[in-house]
There are 2 protein chains.
Amino acid sequence: MGSTGGRRERLRVETTAEIKQVALKLMASDGPDAITLRAIAREMGMTANAIYGYFATRDDLVTTLINEVYTALANAVDTAWASAPAADPAHRIQTWARAFRGWALANPQGFRLIYGDPVPGYQAPEGGAAPDAAYRVCTGIAALADAAWPHAEHLYAGSDFQWPDFDGGLLSKVRPAFPDLPPAGVALALRIWGHLHGLVSLEIYGHLRTQTISPEKLFQEELAQLVRSLGITSEG
Amino acid sequence: MGSTGGRRERLRVETTAEIKQVALKLMASDGPDAITLRAIAREMGMTANAIYGYFATRDDLVTTLINEVYTALANAVDTAWASAPAADPAHRIQTWARAFRGWALANPQGFRLIYGDPVPGYQAPEGGAAPDAAYRVCTGIAALADAAWPHAEHLYAGSDFQWPDFDGGLLSKVRPAFPDLPPAGVALALRIWGHLHGLVSLEIYGHLRTQTISPEKLFQEELAQLVRSLGITSEG
DNA sequence: GCAGAAACTATACGCCGTGAAGTTTAAATA
DNA sequence: TATTTAAACTTCACGGCGTATAGTTTCTGC
């Protein structure tokens, strides 16, 4: 029977890992487009069809890769967040943001895989099953907003955001972790998130390349501005 | 000789236009991935190779399409900008932003084509020759910043942005049109741009779908916040 | 030792971009 | 008008892709 630790099982796990690893290597060197079953198999000295023993379709493989890469991103920002003292929200938020940009610059193809059009023809699994890592990143963003909320609350004094009646999204999972965050706090979270994602996305996709101001400096300045505009004294 | 208006010339122009039109139709209905020479030719009752008489490669066609779509976007936001009175910068900026989001929502595939990974394997022409429309949109963003600058100037009091020594980007073309905009004004422009692009990009790519707050409302609120944070009294 | 499953290959189909060569058609020229 | 020429287009071919089907080898549990 299939007891754990059998030779068969071990080989299977190893081959699965190798497929993913080779795919990630191809992606890192030649972009998401290079993730093809035939190329992976070629690299491994196999036939493309052999991969079907490990992943039902190419899209399944891509979905797994997205999860994997997404997890790496989540780890990077979570680590940065945890490393900064909670007592200094400005510094903490900036640390998170720098980790996000830093990871994106170090893994531009991974960023494209997660946030852009990934592989040609790829269709995300429709179940709406967002990867665990998406939930983690979402939680991280909520944590940013939670840290900023006491300072920024006054900005949303006149707003009338409401919790939705039905809630099938990430929100319902993340919400319990931040009981003090009101509906307008989600708007705040998305504001921060949109801002950071926008800048990094423009940079990764080269739409900032034609601006000759250093993206690095611009980003730092934007962070300072962001933190200041939220009413938190900047120190980072 | 090939005088303009010859039958030959006319047919050529018409066929070229039809190729582009069919390609755009395919893109709008099935996404940028659907832009294939064979599909276009099939639709036109031709052979794929016939298209090579009009475009050197598929990437050439895609480049042309990007230009075309980009121009449509530029027209949309320019029209919106011109339609709002210069005397009310808050309203004007919001009108521009709403036009941007509105166009993106109406042409999501076009947005992906311009700002995302376009067609599988597509490589932008390396000459760095940004399309004219990119210049126009860039000018539009600069106009936003120019309108906001008098109000937002104080935010950049402590900054030391400098014009770069060498300037090969869009910046050098756009700068002369806004003589009153200092280097920090570019940072302001990119701040606004990053913010808007980030939100719209997240919405188009579905990363806001799992948030149950209405993207429409969120965007409106963000606009109000943005304008307010720039020190302009909101009226829009 | 042997049945059966798992891993893998071979073959094939239809899709793609594109190069080379051949054919039809329309314009230009003498 | 007859002939040359070039443009428009097709046909055939190659290598790439995902993947379905069927066949082959290899390992495992009884």
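Protein chains get the first letters and strands the later ones, always in sequence-line order, with residue 1 at the start of each.
- One can place CG of A:Leu11 at 9 Å from P of C:dA7, the figure rounded to the nearest angstrom.
- With sequence neighbours excluded, the residues satisfying side chain to side chain donor-acceptor pair (under 3.5 Å) with A:Asp78 are A:Arg136.
- Atom-to-atom, CE of B:Met44 to P of D:dA8 comes out at 12 Å; the value is rounded to the nearest Å.
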Once base and sugar-phosphate atoms are separated, protein heavy atoms under 4.0 Å mark nucleotides 13-18 of chain C, 5' to 3', with B, S and - as --SBBB
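- The interatomic distance linking B:Phe55 (CZ) with C:dG19 (P) rounds to 16 Å, in whole Å.
- For A:Glu18, there are no salt bridge (charged side-chain N to carboxylate O under 4.0 Å, His left out) partners two or more places apart in sequence or in a different chain.
- Every residue was checked against the side chain to side chain contact (heavy atoms under 4.5 Å, CB included) condition with A:Gln21, not counting sequence neighbours, and none meets it.
- Partners of A:Ala104 under the side chain to side chain contact (heavy atoms under 4.5 Å, CB included) rule, at least two apart in sequence or in another chain, are A:Phe111, A:Val200, A:Ile204.
- Whole-Å rounding puts the A:Asp60 CG to D:dA20 C1' distance at 16 Å.
- In this entry the distance linking CD1 of A:Ile40 with C1' of D:dG16 reads 15 Å, nearest Å.
- Judged purely by atom type and a 3.5 angstrom limit, B:Ser201 has no side-chain atom pairing as donor or acceptor with the backbone of B:Gly198.
- The ring-ring contact (aromatic ring centres under 6.0 Å, His included) pairs that include a residue from residues 26-68 of chain B number zero, where partners must be two or more places apart or lie in different chains.
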Contacts under 3.5 Å, N or O only, protein and nucleotides 3-6 of chain C:
none

Donor-acceptor list for residues 58-66 of chain B side chains, cut-off 3.5 Å, not counting sequence neighbours:
from	atom 1	to	atom 2	distance (Å)
B:Arg58	NH1	B:Pro120	O	3.1
B:Arg58	NH2	B:Pro120	O	3.0
B:Asp59	OD2	B:Gln123	N	3.1
B:Thr63	OG1	B:Asp59	O	2.8
B:Thr63	OG1	B:Tyr122	OH	2.6
B:Thr64	OG1	B:Asp60	O	3.0

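- Here the C1' atom of nucleotide C:dT9 and the CE atom of A:Met46 are 11 Å apart, to the nearest Å.
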Cut-off 3.5 Å, no hydrogens considered: what does the side-chain donor-acceptor table look like for residues 189-196 of chain A, sequence neighbours left out?
from	atom 1	to	atom 2	distance (Å)
A:Arg191	NH1	B:Gln225	OE1	3.3
A:His195	NE2	A:Glu222	OE1	3.0

